[in-house]
Every structure is written in structure tokens, then in C-alpha cells.
Amino acid sequence: MVPEANAKISVLDRGFLYGDGVYEAVRVYEGKIFRVEQHWKRLDHSLKGIGLRIPWSHQDLTRACVATLKANRLKEAMIRVTISRGAGELGYDPGTCRHPTFTVIALPIRTDLQERWRQGVKVSIVKIRRNSTRSLSPAIKHTNALNGILAKIESLKVRAFEGVFLNLDGYVAEGTISNIFIVKNGTVKTPALDCGILDGVTRHAVLEVARGSGRKILETYLKIQDVLKADEIFLTSTTMEVMPVVKVDRTVIGGGRPGPVTRSLHIAFRSLLFKELKLHG
Ligand code: PMP
């Protein structure tokens, strides 16, 4: 455990040189990690996807997170767990990397969430397309983030909170750091996993609560027009939970106010996590 200023990795680390690594971001409520096992399972999937084996068990990962939380005296937090292939010789051959690099960073929760949940956010459909599942699959949560960073730069130019990717076939995929949902005539729709997206832990939980509430749900293929003509739109992620979208580029959604289905799903998501983690509130 070291202070940030003393936390150093090698200039030969492949995470730094090539974005050759994977990560997870988990959310901590009252000192407890939401769906920690799902995050570690996705990490396993990512590790397998890049052909990296690590000597740490799920329990080791959780222990490292808890220790980092304690050292930072945090109860409400985001924890970023990053694992790179480690340092080796220059060049792409991973054969000389003996030890993966493992870092854990615990950070306080961003402070603008309440305000944004209340008002809703603007998103922008970016020109750059999501990586293909046949090149660098978005289902792998890897540290090779330029596809997302370029989309973020684009969306910031039009002052959007989040950029939304289309895939190479022109269907809506996901945000740069979130999954996207729309509501149309009461039906909740979200891009299917084979659109080339990350299998979001929050997406999963929201689909679960939406099903529980008896709503019609479709994991499907969405076009830009479906998004622009939606009654409601929201984003999901570990940090944002359920974030209402009130504008897509120049198109106002739902009269510019967060919609009732979005709100009720957010409430249902919160009660699910309160129950699961036995929170006191
Ligand atoms: N898609 C991408 C590209 C992301 O980076 C994230 C954030 N991890 C998500 C979706 C949402 O996933 P989760 O709900 O697990 O945070």
C-alpha cells in the first residue's frame, strides 16, 4: 500500500506501452462492493480474452479492494482494479513478461450525480464506430482505450455528457463508458450483446428489475431513428447507475425531462442494491 505519488510502474510495462491489460471498476456502498462476483467473472472473461493468467484468486482481489478502501478511509467509493501483462522486452511478443502488474485505486464518488440524475444529460452519437467484435471485442474490458477516448473527445466538442457509439453495421452499440437503453410505448429496449458491447453489470441488474416489474423488455437492434424517437432514454453504468438522457445531439427527448420509466427503474435498481448489500441508507 503506497500513496499515489509513490505508486510507480516500469516504463516497460505493457499496460503503458501497448494498452496490454484489463480492468474492472466496482462500486462500493457503505463499505460493500455491489455484485463483486459478477465483476470478477467479467474480469476472468477479459483475462481469457487477452490470454493472460494471473496468480490471484477472486478472494485476493476482493481483499486488495477492501484493504485499499480502508487505507483511504472510504465507505462510498469507486475502485479501479487494473491488471496489465507486466514488464518484458520491447515488442509485442508477450513471452518475456513474467509477472502481471496489479494495481488497485480507490476514489470517492463523483459529486455531480444527484444533479445530473435530476436534470438528465445530453449525449451525442459519435462518428467513430465501436470496435468490431471481430477485431478488439468490446466485451473485453481492456485498457486499450483509444476507441473510447476518441469518441469522448468528439462528444466533448458538442458538450455532451456521453458519446454513443454505433457499431460497424450502423446499429446503436453503447456509450464510451456506459450501456444505453430506450423506452418506447412502455417497452424497455437495449442493444443485444451481439451488437458488440460490454456486458454491463448495471445493464444486467436493470434488466432484472425491469423484468421483475412485469415490463416488456427487448434486447434487440436499435437504429439511430429508434433513439431519436424514443419516449425515454437512459444510460447505465457502475458509477452512473441509471442516468436519464434528455437530449441526443440536437433532438430533445421526453420534453427535456427525465421520464417516469427511467425514474422507476432507478428506484427499483436502488432497492435491489440496498437489499442485496443489506444497506442502512
Ligand atoms: N460499456 C462500456 C464501454 C463501459 O466502459 C462500461 C463501464 N464499465 C459499461 C458499458 C457499463 O458497465 P458496468 O455497468 O458494468 O459498469
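Whatever order the structure lists ligands and atoms in, that order sets their numbers, starting from 1. Basis for what follows: all heavy atoms, side chains included, without hydrogens, waters or symmetry-related copies.
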> Should we say atom OH of Y171 is surrounded by more than 12 heavy atoms from elsewhere, each under 6.0 Å from it?
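Not more than 12 within 6.0 Å, no.
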> At a 4.0 angstrom heavy-atom cut-off, what protein residues surround ligand 1?
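The 4.0 Å shell around ligand 1 contains R42, R130, K141, E174, G175, T176, I177, S178, N179, L198, G200, V201, T202, T236, S237, T238.
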> Should we say atom CZ of R80 is surrounded by more than 12 heavy atoms from elsewhere, each under 6.0 Å from it?
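Enclosed.
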> Tell me which one of F274, Y29, F34 satisfies ring-ring contact (aromatic ring centres under 6.0 Å, His included) with F269.
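Among the candidates, only F34 passes.
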> CZ of F16: more than 12 outside heavy atoms within 6.0 angstrom?
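Check fails, neighbour count at 12 or below.
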> Only counting residues at least two apart or in another chain, list the ones meeting side chain to side chain contact (heavy atoms under 4.5 Å, CB included) with Q59.
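Side chain to side chain contact (heavy atoms under 4.5 Å, CB included) list for Q59, sorted by chain: S57, R63.
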> Taking the side chain from N144 and the backbone from Y18, do they hold a donor-acceptor pair closer than 3.5 Å?
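It does hold such a pair.
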